[in-house]
Amino acid sequence: MTSAHRDRTQPGALGLVLARSTRLLGVEPFFMEFITGMEERLVTRDMSVLLHVVPTYEEEIAAYRRWAEGGLVDAVAVVNLVEGDRRPAALRELGLPAILVGTWRDDPGLPAVRTDDGGPVRDAVARLAALGHRVIARVAGPQSLLHTQARTVAQEEACREAGVEAVIVEGDYTTESGARLTAELLKRTPRPTAILYDNDVMAVAGLTTAKDAGLEVPTDLSLIAWDDSTLCRLASPPLTTMTVDVHRFGVLVAEAALDHIDGRPAIERWSPTAHFVQRGTTGPAPA
């Protein structure tokens with residue numbers, strides 16, 4: 001049974017499978033806000049989000065197979081696209097309507113809500129370089145993710161154009177990796193005077209690590225988080241961020257899914273672009 005054969009008198013569902021740690025999902029605000037945006041749009045059609053968390057992409061594909069066979073969802077949203085991603089082909093084979101979410105290099109053959117991951121990184125680097133920072137580090141997400149790769153390319157290009165050094169280390173979005181990698185960067189010679197983080201959780205951990213090392217933020221070290229959240233605003237000092245309207249992002253994904261379910265032609269949709277919000281963790285490079 002496919003979603004086309006599902007009893008249309010029953011409430012519908014948009015499936016979202018997350019291949020990640022359930023512990024991380026509990027501390028990272030991004031997906032909860034993203035799902036809230038999806039739900040806001042879906043409720044107008046008596047639909048909801050069916051969320052399933054699994055540890056691997058293989059189990060994610062297995063979940064899609066069960067959903068397609070049982071007619072449990074009308075469509076799925078596919079997030080965290082990776083190099084050589086097998087999920088789009090698997091979904092086409094299953095005949096399960098899907099929306100790809102995020103960075104994708106080529107024509108995916110499926111409707112997509114795309115993100116600009118490079119532009120905001122270039123903006124952040126330009127602002128830091130203008131403040132005199134000559135070694136700009138980044139605690140990135142997993143390098144297998146296409147959006148991480150796009151940010152890395154943008155940082156390397158922007159730093160090269162600005163005549164500053166780029167240092168990139170790979171994290172996993174957790175508090176532990178944010179703290180550990182920040183500590184390693186602070187032991188480096190020359191020490192970075194600015195650090196970008198690929199999410200808010202790692203940034204908050206990095207801020208704590210810097211303060212524990214006796215550094216004053218932003219006098220000695222500037223920090224910028226990605227994915228603004230309450231965590232960033234409540235930090236001391238509040239974290240400067242590349243802010244994304246995650247709620248609106250979720251709404252757009254739900255709208256794309258409804259178009260696909262209803263058989264309307266796919267239109268190009270882009271998520272809201274991250275923009276710089278100055279708070280208390282960025283300033284001129286130390287003399």
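The figures that follow rest on heavy atoms only: side chains count, while hydrogens, waters and symmetry mates do not.
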Check for a donor-acceptor pair, side chain of His133 on one end and backbone N or O of Gly283 on the other, with a separation under 3.5 Å. yes

Contacts of Pro265 that satisfy side chain to side chain contact (heavy atoms under 4.5 Å, CB included) - sequence neighbours left out: none

Can you measure from CG (Leu18) to CG (Asn80) and round to the nearest 0.5 angstrom? 7.5 Å

How far does CG of Leu239 sit from CG of Asp228, to the nearest 0.5 angstrom? 9.0 Å

How close do Gly178 and Ala205 get, heavy atom to heavy atom, and via which atoms? C-CB, 4.1 Å

Please check if the side chain of Asp123 supplies one atom and the backbone of Gly119 the other of a donor-acceptor pair under 3.5 Å. no

Determine whether Val101 and Thr115 make a side-chain contact, defined as any pair of heavy atoms from C-beta on separated by less than 4.5 Å. no

Atom of Ala129, atom of Ile136 and distance for their closest heavy-atom approach: N-CD1, 4.3 Å

The side chain to side chain contact (heavy atoms under 4.5 Å, CB included) partners of Thr152 (sequence neighbours excluded) come to Arg138, Gln143, Thr148, Glu156, Ile168

Minimum heavy-atom distance between Pro29 and Val201, given as atom pair plus value: CD-CG2, 4.4 Å

Grab the two heavy atoms, one from Val277 and one from Thr240, that are nearest each other, plus how far apart they are. O-CG2, 3.1 Å

Side chains of Leu128 and Leu196: closer than 4.5 Å at any heavy-atom pair? yes

Quick one, Leu221 with Ile195, criterion side chain to side chain contact (heavy atoms under 4.5 Å, CB included). Give me CA distance, side-chain angles, the key distance, then yes/no. CA-CA 8 Å; Leu221 177 69; Ile195 306 176; 4.1 Å; yes

Drop me the distance from Leu181's CG to Met202's CE, to the nearest 0.5 angstrom. 8.0 Å

Mind checking salt bridge (charged side-chain N to carboxylate O under 4.0 Å, His left out) for Glu83 and listing every partner two or more places apart, or none if nothing turns up? Arg105

Does the side chain to side chain contact (heavy atoms under 4.5 Å, CB included) test come out yes or no for Ile224 and Tyr197, once each step is laid out? CA-CA 6 Å; Ile224 301 179; Tyr197 295 85; over 6 Å; no

Does Val82 offer a backbone N or O that forms a donor-acceptor pair with the side chain of Asp85 under 3.5 Å? yes

Check: Thr209 side chain, Thr182 main-chain N or O, donor-acceptor pair, under 3.5 Å: no

For Arg134, check salt bridge (charged side-chain N to carboxylate O under 4.0 Å, His left out) against everything at least two apart and list the hits. none

With sequence neighbours excluded, tell me which residues meet side chain to side chain contact (heavy atoms under 4.5 Å, CB included) with Pro142. Ser144, Leu145, Glu170, Tyr173

Sequence neighbours excluded, the answer for salt bridge (charged side-chain N to carboxylate O under 4.0 Å, His left out) partners of Glu58 is Arg86

Could you pull out all residues at least two apart from Arg248 that satisfy side chain to side chain contact (heavy atoms under 4.5 Å, CB included)? Asp245, Val251, Leu252, Glu255, Pro272

Going by ring-ring contact (aromatic ring centres under 6.0 Å, His included), name the residues that satisfy it together with Phe30, two or more places apart in sequence or in a different chain. Phe34

Separation of Arg66 CZ from Glu69 CD (nearest 0.5 Å): 9.0 Å

Please report the shortest heavy-atom distance between Thr103 and Ala150, naming the atom on each side. CG2-CB, 4.4 Å

Taking ring-ring contact (aromatic ring centres under 6.0 Å, His included) as the cut-off, I'd like each qualifying pair that reaches into residues 250-287, sequence neighbours left out, listed once. none

Note: Asp172 and Thr174 closest approach over all heavy atoms is OD1-OG1, 2.5 Å

d(Asp198 CG, Ser177 OG) to nearest 0.5 Å is 10.0 Å

pair Arg188-Val135: side-chain heavy atoms closer than 4.5 Å: yes

Test side chain to side chain contact (heavy atoms under 4.5 Å, CB included) applied to Val73 and Leu96, step by step: CA-CA 9 Å; Val73 297; Leu96 188 57; 4.0 Å; yes

Just by distance, do the side chain of Asp116 and the backbone of Gly118 share a donor-acceptor pair under 3.5 Å? yes

Side chain of Thr282, backbone of Gln278: donor and acceptor closer than 3.5 Å? no

Could Asp262 and Arg45 be called an ion pair, given the rule that one side-chain N must be under 4.0 Å from one carboxylate O? yes

Are any non-hydrogen side-chain atoms of Trp67 and Val17 less than 4.5 angstrom apart? yes

Please enumerate all residues that pass salt bridge (charged side-chain N to carboxylate O under 4.0 Å, His left out) together with Asp227, with sequence neighbours excluded. none

For residues 47-56, tabulate all N or O donor-acceptor pairs below 3.5 Å that involve a side-chain atom, not counting sequence neighbours.
residue	atom	partner	partner atom	Å
Thr56	OG1	Glu59	N	3.1
Thr56	OG1	Glu59	OE2	3.3

Sequence neighbours left out, what passes ring-ring contact (aromatic ring centres under 6.0 Å, His included) with Tyr64? Give chain and number order. none

Rounded to the nearest 0.5 Å, how far does CZ of Arg233 lie from OG1 of Thr243? 8.0 Å

